[in-house]
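Have a look at the structure below before the remarks.
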Amino acid sequence: MLETRDLTLHYGGSQILNGVSITAEKGQVTCVMGTNGVGKTSLMKAISGTHPRSGGEVILNGQRLGKLPAHRLAQMGVGYVPQGRMIFPLLTVRENLETGLACLPKAERVVPDRIYEMFPVLKEMQNRRGGDLSGGQQQQLAIGRALVTRPKLLLMDEPTEGIQPNIIQLIGRVIEQLRAEGEMAIVLVEQYFDFAYDLADRFYVLSRGATVFSAAKADTSRDAVQAAFSLGK
């Protein structure tokens with residue numbers, strides 16, 4: 001579903017990504033790991049179009065993508081759950097979800113019931129303002145908003161950051177459900193090692209904007225992934 005080839009990205013005069021190549025398969029969870037500042041969020045921004053890449057290619061479902069803006073990539077099936085959630089605090093939960101509908105044809109602009117089935121709290125609080133929700137509730141809202149777009153590729157940047165354990169477990173179950181349905185590729189950026197290891201089918205570890213380890217889960221061991229993750233620090 002996704003392939004990146006030699007992605008580079010700059011912020012001003014600083015090069016943040018140094019030729020990053022990854023693949024993400026439909027029906028699998030691909031985990032990008034590493035500590036703060038190694039380029040994980042920059043990689044998600046480059047793929048989602050929220051920050052223009054400097055070089056390299058992004059291929060989605062066999063189609064080479066130019067340097068397209070985020071709204072065009074959303075129309076093509078890229079869903080993005082950004083770090084920090086980035087919900088609209090003055091809009092209600094329902095209105096936040098409805099912002100995700102803009103990239104769909106008019107006939108499909110309805111929030112699916114399954115979003116509320118996955119995250120019952122969003123149904124209960126649909127008329128509450130986003131800014132009044134707890135961090136865990138806002139994270140569920142951010143994931144729901146991305147799923148409203150019916151993505152082929154779902155990018156999730158640090159979904160467990162600052163979240164209480166029971167919500168982390170809920171998010172893990174949702175990711176497992178989406179993988180089992182087999183309709184999308186999921187790229188998960190994560191520092192919480194146990195959460196990432198349990199969910200992932202393939203691992204990439206970044207350090208200083210470059211890939212220092214990559215392996216399918218079936219071809220490696222927990223110790224090898226842990227060692228690579230520690231080396232990336």
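Position 1 is the first residue of the sequence; numbering continues from there.
Side-chain N/O atoms of T8 and Q15 include no donor and acceptor closer than 3.5 Å.
Note: the hydrophobic cluster containing F119 also contains M156 (ILVMFWY, side chain heavy atoms under 4.5 Å, direct or indirect links). Linking ILVMFWY residues whenever their side-chain heavy atoms come closer than 4.5 Å, directly or via other members, places L188 and I168 in the same cluster. No continuous path of hydrophobic side-chain contacts links F195 to Y197 [ILVMFWY only; heavy atoms under 4.5 Å]. Linking Ile, Leu, Val, Met, Phe, Trp and Tyr residues whenever their side-chain heavy atoms come within less than 4.5 Å places Y80 and V187 in a single cluster. Under a hydrophobic clustering in which Ile, Leu, Val, Met, Phe, Trp and Tyr are joined whenever their side-chain heavy atoms come within less than 4.5 Å, directly or via other members, I22 and L154 fall into different clusters.
When every heavy atom of M86 is checked against every heavy atom of Q83, the shortest pair comes out as CG-O, 4.0 Å. Here the closest non-hydrogen pair linking R150 and P112 is NH2-CG, 4.0 Å. The two residues A224 and T220 make their nearest non-hydrogen contact at CB-OG1, 3.3 Å. Here the closest heavy-atom approach between residue C31 and residue A196 is recorded as SG-CB, 3.4 Å. Between S21 and Y204, the closest heavy-atom pair is O-CE2, 3.8 Å. Annotation for I16 and G39: closest pair CG2-CA, 4.3 Å, computed over non-hydrogen atoms.
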Ring pair (Phe, Tyr, Trp, His ring centres under 6.0 Å) between F229 and F213, worked out: CA-CA 8 Å; F229 180 70; F213 177 87; over 10 Å; no
Worked verdict on K45 versus L17 for side chain to side chain contact (heavy atoms under 4.5 Å, CB included): CA-CA 11 Å; K45 289 182 175 181; L17 297 181; over 6 Å; no
Verdict with supporting geometry, R222 and D194, salt bridge (charged side-chain N to carboxylate O under 4.0 Å, His left out): CA-CA 10 Å; R222 184 187 183 92; D194 290 341; 2.4 Å; yes
Residues R114, Q177; criterion side chain to side chain contact (heavy atoms under 4.5 Å, CB included); working and verdict: CA-CA 12 Å; R114 72 191 303 259; Q177 178 183 338; 3.9 Å; yes
From CA spacing to verdict: side chain to side chain contact (heavy atoms under 4.5 Å, CB included), E57, D6: CA-CA 7 Å; E57 288 187 313; D6 299 321; over 6 Å; no
Pair E95-F88, side chain to side chain contact (heavy atoms under 4.5 Å, CB included): steps then yes or no: CA-CA 9 Å; E95 288 167 341; F88 297 100; over 6 Å; no
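Note that CG of N61 is 7.0 Å distant from NZ of K26, once rounded to the nearest 0.5 Å. Note that CG of L170 and CD1 of I143 are 8.0 Å apart. Values are rounded to the nearest 0.5 Å. For the atom pair S214 OG and R202 CZ, the distance stands at 6.0 Å (nearest 0.5 Å). For the atom pair OG1 (T41) and CG (L206), the distance works out to 10.5 Å, reported to the nearest 0.5 Å. One finds the CZ atom of R94 at 13.0 Å from the CG atom of L91 (value rounded to the nearest 0.5 Å). Distance check: E161 CD to R85 CZ gives 7.5 Å after rounding to the nearest 0.5 Å.
Side-chain atoms of K40 come within 3.5 Å of backbone atoms of T35 as a donor-acceptor pair (strictly under, hydrogens ignored). The backbone N or O of G56 lies less than 3.5 Å from no partner atom in the side chain of T4, so there is not a single donor-acceptor pair. In this structure, N18 contributes its side chain and R208 its backbone to a donor-acceptor pair below 3.5 Å. Put simply, the side chain of E190 gets close to the backbone of Y192: a donor and an acceptor are under 3.5 Å apart. T149 places no side-chain N or O within donor-acceptor distance of the main-chain N or O of G79, the cut-off being under 3.5 Å. The backbone N or O of E158 lies less than 3.5 Å from no partner atom in the side chain of Q191, so there is not a single donor-acceptor pair. No donor-acceptor pair closer than 3.5 Å links the side chain of E108 to the backbone N or O of P105. For H51 (side chain) and M44 (main-chain N/O), no donor-acceptor pair under 3.5 Å exists by modelled atom type. Distance alone, capped at 3.5 Å, is enough to place a donor-acceptor pair between the Q140 side chain and the G136 backbone. Formation of a donor-acceptor pair under 3.5 Å by the R64 side chain with backbone atoms of G62 is not found in this model.
Looking at Q126 and T92, their side chains never come closer than 4.5 Å, going by heavy atoms from C-beta outward. At a threshold of 4.5 Å between non-hydrogen side-chain atoms, the residues E25 and T30 do not count as touching. L147 places a side-chain heavy atom less than 4.5 Å from the side chain of M118. The shortest side-chain heavy-atom distance between Q139 and V81 falls under the 4.5 Å cut-off. With a 4.5 Å cut-off on side-chain heavy atoms, I171 and T160 do not count as touching. In this structure the side chain of M1 reaches within 4.5 angstrom of the side chain of L60, judged on heavy atoms. Between R179 and D201, the closest side-chain pair of non-hydrogen atoms falls below 4.5 Å. Taking the side chain as every heavy atom from C-beta outward, L141 and L97 approach each other to under 4.5 Å.
Enclosure of atom CG in D113 is not indicated, since only 12 or fewer non-hydrogen atoms of other residues, nucleotides or ligands lie within 6.0 angstrom. The local environment of NZ in K217 is crowded, with over 12 non-hydrogen atoms from other residues, nucleotides or ligands closer than 6.0 Å.
Checking each of L43, L73, I186, I47 against L155 for a side chain to side chain contact (heavy atoms under 4.5 Å, CB included) leaves exactly one that passes, namely I47.
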